[in-house]
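Here is the naming used below: chain letters follow the sequence lines, and residue numbers restart at 1 for every chain.
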Amino acid sequence: MKKVVVALSGGVDSSVAAALLVEQGFQVVGATMRLWNAPGCDQENRCCTPETRALAASLAEKLSIPFIVLDEAETFRSVVVQQFLDGYTRGETPNPCVTCNRFLKWGVLWDYAKSIGADYLATGHYARVLAQPNGAYELWKGRDPAKDQTYFLSTLTQEHLAHTLFPLGELRKTEVRRIAAERALPAADQPESQDLCFLGGRDYRDFLAEYAPQAVRPGPITDRSGKLLGQHQGLAFYTIGQRKGVPAAAQALYVWKKDIENNRLIVCPAEELGADTLRVTEINWISGVSPTEEFQAEVKIRSRAAPALGLVTPGPDSSVRVRFEKPLRDITPGQLAVFYQGEQVLGGGWIS
RNA sequence: UGGGGCAUGGUGCAACGGCAGCACACCGGACUUUGAAUCCGUGGAUCUAGGUUCGAAUCCUGGUGCCCCAG
């Protein structure tokens with residue numbers, strides 16, 4: 001009997017994933033990670049509160065599987081949260097969920113799974129792993145196009161995929177909810193998770209002001225010619241393409257660039273946003289093999305962006321340059337660019 | 001302290017003397033395992049004191065503030 005550790009968040013998706021694995025005959029161990037325990041944010045924090053842990057525990061009891069809580073708050077703080085704060089301090093817009101998947105779920109949790117002799121790590125992500133006849137593994141989008149989460153999983157390697165199960169990969173969200181209801185799982189009525197789990201319902205601006213005050217200094221807002229338009233309260237409160245918080249004008253203005261050296265926010269009208277080229281570094285190619293020739297791919301530059309067709313040109317040090325057919329707005333350093341061909345995920349790297 | 005112009009929500013602009021509108025911001029909601037974007041919705045204004053008029057954001061006079069030109 002194959003043994004699998006399933007990551008339980010207390011939500012619907014991971015609950016159904018666990019239930020399905022049990023029904024498929026796996027020896028299942030439920031695991032929840034305690035990732036954040038700053039005082040005062042427990043009641044709002046949806047992914048690792050006492051309430052969500054209780055939901056996960058009661059699910060495990062219902063399924064009659066062992067349940068363990070791993071306290072990884074220190075790892076999470078020093079890796080995920082620190083990268084989040086450092087990214088904003090550098091003027092980037094970091095994506096902590098990607099980092100969390102890489103270092104906590106397929107890092108700490110996978111190490112734990114191996115330590116107890118498990119064959120697999122399973123999560124409730126909407127994604128598919130396809131084993132090829134030649135022994136290679138491919139990562140494919142989840143069957144439900146509205147819920148596909150491969151954007152956050154593009155840093156996985158062959159080693160990870162060989163030992164990863166996504167029980168929800170072939171399902172749609174409505175089916176998952178139905179399965180949860182039919183089996184009366186404790187989390188059946190839980191709302192979708194949203195926002196950064198460690199913010200605990202706070203605005204991320206408040207969080208940054210507390211943990212990264214150096215990134216929250218007032219400064220000027222100008223147009224591209226340098227004309228002063230107003231004041232901002234901190235560059236970290238903005239991201240490329242953002243309108244919120246930009247001074248009103250006859251025409252809507254958006255963030256064009258963050259001038260870190262001068263702590264200056266540069267804004268422009270919508271039609272001046274965007275670029276048709278992009279550089280991506282530190283790319284993880286799912287196949288484990290870096291491309292050497294140019295190729296066409298669909299590229300997602302944000303988690304919920306429509307894929308854009310572009311020509312990918314390999315460069316040095318596992319970087320590439322992408323030239324898009326049409327200019328793309330909101331190309332944002334610190335976010336991930338993920339390469340697709342149809343349903344298949346080729347890889348992903350950081351936008352620089 | 002000569003001349004000219006302007007003054008309307010937080011911001012930028014509309015409104016022949018006839019119910020003060022629009023855009024953006026703010027706020028609420030939808031969407032969403034990052035930040036955004038996007039969609040729906042609420043609230044909020046005629047610088048001031050008089051005058052003309054049935055009726056004034058609009059016309060007239062004084063005040064106040066700002067801008068431009070000339071010193």
Residues which pass side chain to side chain donor-acceptor pair (under 3.5 Å) with A:Thr277, listed by chain and number, not counting sequence neighbours: none

Whole-Å gap separating C1' (B:A36) and CZ (A:Phe84): 13 Å

Length of the CZ-P vector between A:Phe152 and B:G35, whole Å: 9 Å

Atom P, compared across B:U46 and B:A57: separation rounded to whole Å: 10 Å

Any side-chain donor near an acceptor of the partner, A:Gln335 and A:Thr93, under 3.5 Å: no

Steps toward side-chain hydrogen bond (donor to acceptor under 3.5 Å, both in side chains) verdict (A:Thr150, A:Asp148): CA-CA 6 Å; A:Thr150 48; A:Asp148 168 54; 2.9 Å; yes

Mutual orientation of the aromatic rings belonging to A:Phe237 and A:Tyr204 [parallel < 30°, tilted 30-60°, perpendicular > 60°]: perpendicular

Inter-nucleotide P distance (B:G4, B:G63), Å rounded: 14 Å

For atom CD1 of A:Ile351 and atom C1' of B:U34, their distance in whole Å: 12 Å

Stretch residues 71-82 of chain A: residues that reach within less than 4.0 Å of RNA chain B through a heavy atom: none

Separation between the C1' atoms of B:A56 and B:G65, rounded to whole Å: 22 Å

Produce the list of close N/O pairs, under 3.5 Å, pairing protein atoms with atoms of nucleotides 37-39 of chain B; give distances to one decimal.
from, atom 1, to, atom 2, distance (Å)
B:A37, OP1, A:Arg243, N, 3.3
B:A37, OP1, A:Lys244, N, 3.1
B:U38, OP1, A:Arg243, NH1, 3.3
B:U38, OP1, A:Tyr254, OH, 3.3
B:U38, OP2, A:Arg243, NH1, 3.4
B:U38, OP2, A:Arg243, NH2, 3.3

Presence of donor-acceptor pair under 3.5 Å, side chain of A:Thr93 and base of B:G35: no

Parallel, tilted or perpendicular, as decided by the 30° and 60° cut-offs, for the rings of A:Tyr120 and A:His163: tilted

Whole-Å C1' distance, B:U1 and B:U42: 48 Å

Cation-pi, A:Tyr126 ring and A:Arg172 (6.0 angstrom, 45 degrees): no

Pairing string, 5' to 3', for RNA chain B - Watson-Crick or wobble contacts under 3.5 Å, brackets [ ] where pairs cross, | to another strand: .((((((..((((....[..))))..((((.......)))).....(((((..]....)))))))))))..

Any N/O donor-acceptor pair, A:Ser303 side-chain to B:G35 base, under 3.5 Å: no

Any residue meeting side chain to side chain donor-acceptor pair (under 3.5 Å) with A:Arg90, in chain and number order, not counting sequence neighbours: A:Glu92

Results of side-chain contact (heavy atoms from CB on, under 4.5 Å) for A:Cys268 - residues two or more places apart only: A:Arg224, A:Trp256, A:Glu272, A:Leu273

Residue whose closest nucleotide on RNA chain B lies nearer the 5' end, A:Arg205 versus A:Gly245: A:Gly245

